[in-house]
Amino acid sequence: MNGESSQRIERKARAEDVRDRRYAIPAVEQSKAIESVVVGHACLQEAGAVFRRHFGAAPALIVADENTYGAAGEAVRATLVEAGINAEVEILPAKPRLAPDRLTAEHIAARIGEMGAANDGVHPVPLAVGSGVINDLTRYAAFSAGTRFMSVPTAASMDGYTSAGAPLSDEGFKITIQCAPPRVILADLDVVAGAPARMSGWGYGDLAGKVPAGGDWLVADALGVEALDDTAWPMVQNELRGWLSDPNGVRRGDGAAIADLFIGLAVSGVAMEVYGSSRPASGAEHQIAHIWEMEDLSHEGEKVSHGACVAIGSLSMLSLYDWLLDQDISAIDPAAATSRAPDWSAVEAAIDAAFPNANVARRAKEEMREKWVEHETLTVRLARLRDGWPALRDVLASHLMREIEMRDLLAAAGAPVTTREIGLSPERHRATMRNARWIRRRYTLLDLLADAGLLEPAVEACFPDGAPLYS
């Protein structure tokens, strides 16, 4: 991550002719499901030809919302018709902001089935024309209907365009359902850069989350919980600083900066598919974000976006890492810490108290049980932490950004950096930092702190004198 790669230097050198560029994403070659990714300027008019090349004369179902249909859907439909493709449209409401709900995805799947029944059993190919939620809904709908889909992104707002997971709310609990990635992605950077600036800021927040997520994977690797993967780790982490290096350009909608952002997000999605889970791109910062999304966190009458939640979640986790790196963890007493650890019944009671929704509490217990260890195993783990702390501290310090550095980058990109920007109270923020580890079986810094009996003092240190972490 030190210095600039030759790929990035080449991009900078040719910034003057960026509007004529097409961007290759070599990582896509490692995908087992994605056949083609077209990323460039003024390429939307190729949608019909690209569709026919990969899906033949199959009918199409364009899935968009009222905003994204105007931004790109109508143009996509025109190119499909020109290519001789029968294209129908499913336009979802844009306001209030569309929720990633499994029921909505099943509605789209039903529409796919209806079109297939009316066409002698030939299912249409869905085209997701939109950003995160549209793509996640369409991904799951296509998976449910037994077909593949094509993605036409309209914003660099999240990392899921290339991923095999659909994060959807199921009876109030947000889960990531493994599906197939799109067979084809066509991203016109003129359309993507023309999205509202705040959406690019959300995407920057999602990409920035890979920094603390990487820290969490380093922690899990050091403690023998989940080893780093030789393919997925460098795929995301080696270029991450470069992709994040021009936040001001992201905010301006600069073509090269948006291209870097989109490529970083796309590569993150491929890494998740290759690894078989979201670990390469998601840690405790996403667990924090998922709680707020499950709670329908809203601000000024609108649900807070995923990327905005991840931005604040990332700052929260980096604050905890800042605190951790100042501690002498090699002084902990594993046996004493284990003796103070709650038993499973106490954890269940705490989860019930944290989540009034019975379904959410039940799912959280299922997730937490998967990473729960008995006291004997915990003592061994803490001894490993104590003995390996000097080396782990050096690795984390080398990998992570300090919270203040990340805050400056996020602010420059137009992502939220204060809790008031997402309508979050200090009490709710503090509670989420305590409870987020319960909703995923993934081992993160939150688990390390809890195992060592340090979660409470670490969280409280981030709220000096009761002040909000980011007021």
Can [X] and [Y] be counted as having a side-chain donor-acceptor contact under 3.5 angstrom?
{"X": "R362", "Y": "N359", "answer": "yes"}
{"X": "S316", "Y": "H429", "answer": "yes"}
{"X": "Q45", "Y": "T79", "answer": "no"}
{"X": "E421", "Y": "T418", "answer": "yes"}
{"X": "D136", "Y": "Y161", "answer": "no"}
{"X": "H54", "Y": "E35", "answer": "yes"}
{"X": "R428", "Y": "T419", "answer": "no"}
{"X": "S319", "Y": "D322", "answer": "no"}

Minimum-distance pair of heavy atoms, taken over all atoms of [X] and [Y]:
{"X": "I258", "Y": "V250", "answer": "CD1-O, 3.9 Å"}
{"X": "A257", "Y": "D246", "answer": "CB-OD2, 3.6 Å"}
{"X": "F51", "Y": "P59", "answer": "CZ-O, 3.9 Å"}
{"X": "C309", "Y": "A289", "answer": "CB-CB, 3.5 Å"}
{"X": "A155", "Y": "V192", "answer": "C-CG1, 3.8 Å"}
{"X": "Q30", "Y": "V274", "answer": "O-CG2, 3.6 Å"}

Would W233 and H399 satisfy ring-ring contact (aromatic ring centres under 6.0 Å, His included), going step by step from the backbone distance to the final call?
CA-CA 12 Å; W233 170 267; H399 165 78; 5.6 Å; yes
Taking [X] for its side chain and [Y] for its backbone only, find out whether a donor-acceptor pair lies under 3.5 Å.
{"X": "D216", "Y": "T444", "result": "no"}
{"X": "R148", "Y": "F55", "result": "no"}
{"X": "T162", "Y": "V270", "result": "yes"}

Inter-residue atom distance R442.CZ - E367.CD, 0.5 Å rounding
9.5 Å
Rounded to the nearest 0.5 Å, how far does CD1 of I351 lie from CE of M368?
6.5 Å
Where do E88 and R111 land on the salt bridge (charged side-chain N to carboxylate O under 4.0 Å, His left out) test, with the steps shown first?
CA-CA 10 Å; E88 295 190 22; R111 176 76 190 277; 2.9 Å; yes
More than 12 foreign heavy atoms under 6.0 Å from CD of E66: is that the case here?
yes
Not counting sequence neighbours, which residues clear salt bridge (Lys or Arg N to Asp or Glu O under 4.0 Å) with D451? List them please.
R381
Walk me through whether D352 and K365 qualify under salt bridge (charged side-chain N to carboxylate O under 4.0 Å, His left out).
CA-CA 9 Å; D352 285 332; K365 291 173 190 174; 2.9 Å; yes
Candidate pair D206 and K210, rule salt bridge (charged side-chain N to carboxylate O under 4.0 Å, His left out), full reasoning
CA-CA 7 Å; D206 201 4; K210 307 335 172 199; 3.4 Å; yes
Can you find a pair of side-chain heavy atoms, one from [X] and one from [Y], that are under 4.5 Å apart?
{"X": "L61", "Y": "I112", "result": "yes"}
{"X": "R363", "Y": "I439", "result": "no"}
{"X": "E239", "Y": "I263", "result": "no"}
{"X": "V133", "Y": "L137", "result": "yes"}
{"X": "V304", "Y": "S298", "result": "no"}
{"X": "M317", "Y": "M433", "result": "no"}
{"X": "L127", "Y": "R77", "result": "no"}
{"X": "I62", "Y": "V76", "result": "yes"}

Identify which one of L244, I312, V417 satisfies the side chain to side chain contact (heavy atoms under 4.5 Å, CB included) criterion when paired with L410.
V417
Can R183 and S151 be said to form a side-chain hydrogen bond (donor to acceptor under 3.5 Å, both in side chains), step by step?
CA-CA 8 Å; R183 179 179 291 177; S151 173; over 6 Å; no
Test side chain to side chain contact (heavy atoms under 4.5 Å, CB included) on I291 and E295; report intermediate values, then the result.
CA-CA 6 Å; I291 284 186; E295 294 174 342; 3.6 Å; yes
M272 vs R279, side chain to side chain contact (heavy atoms under 4.5 Å, CB included): CA-CA, chis, key distance, verdict
CA-CA 7 Å; M272 290 188 276; R279 167 62 95 172; over 6 Å; no
Verdict with supporting geometry, D65 and T68, side-chain hydrogen bond (donor to acceptor under 3.5 Å, both in side chains):
CA-CA 5 Å; D65 68 25; T68 62; 3.2 Å; yes
Show your reasoning for whether side chain to side chain contact (heavy atoms under 4.5 Å, CB included) applies to H306 and K174.
CA-CA 12 Å; H306 172 73; K174 192 163 187 180; 4.2 Å; yes
Aromatic contact between Y275 and W217, with the criterion being ring centroids under 6.0 Å apart: yes or no?
yes
Check: H290 ring centroid to W438 ring centroid under 6.0 Å:
no
Steps toward side-chain hydrogen bond (donor to acceptor under 3.5 Å, both in side chains) verdict (S163, E273)
CA-CA 6 Å; S163 80; E273 181 213 335; over 6 Å; no
Set out, in order, the CA-CA distance, both residues' side-chain angles and the distance that settles side chain to side chain contact (heavy atoms under 4.5 Å, CB included) for V219 and L396, then state yes or no.
CA-CA 8 Å; V219 164; L396 289 173; 4.3 Å; yes
Quick one: do E302 and R198 satisfy salt bridge (charged side-chain N to carboxylate O under 4.0 Å, His left out)? Show the steps, please.
CA-CA 14 Å; E302 190 174 64; R198 63 177 184 160; 3.2 Å; yes
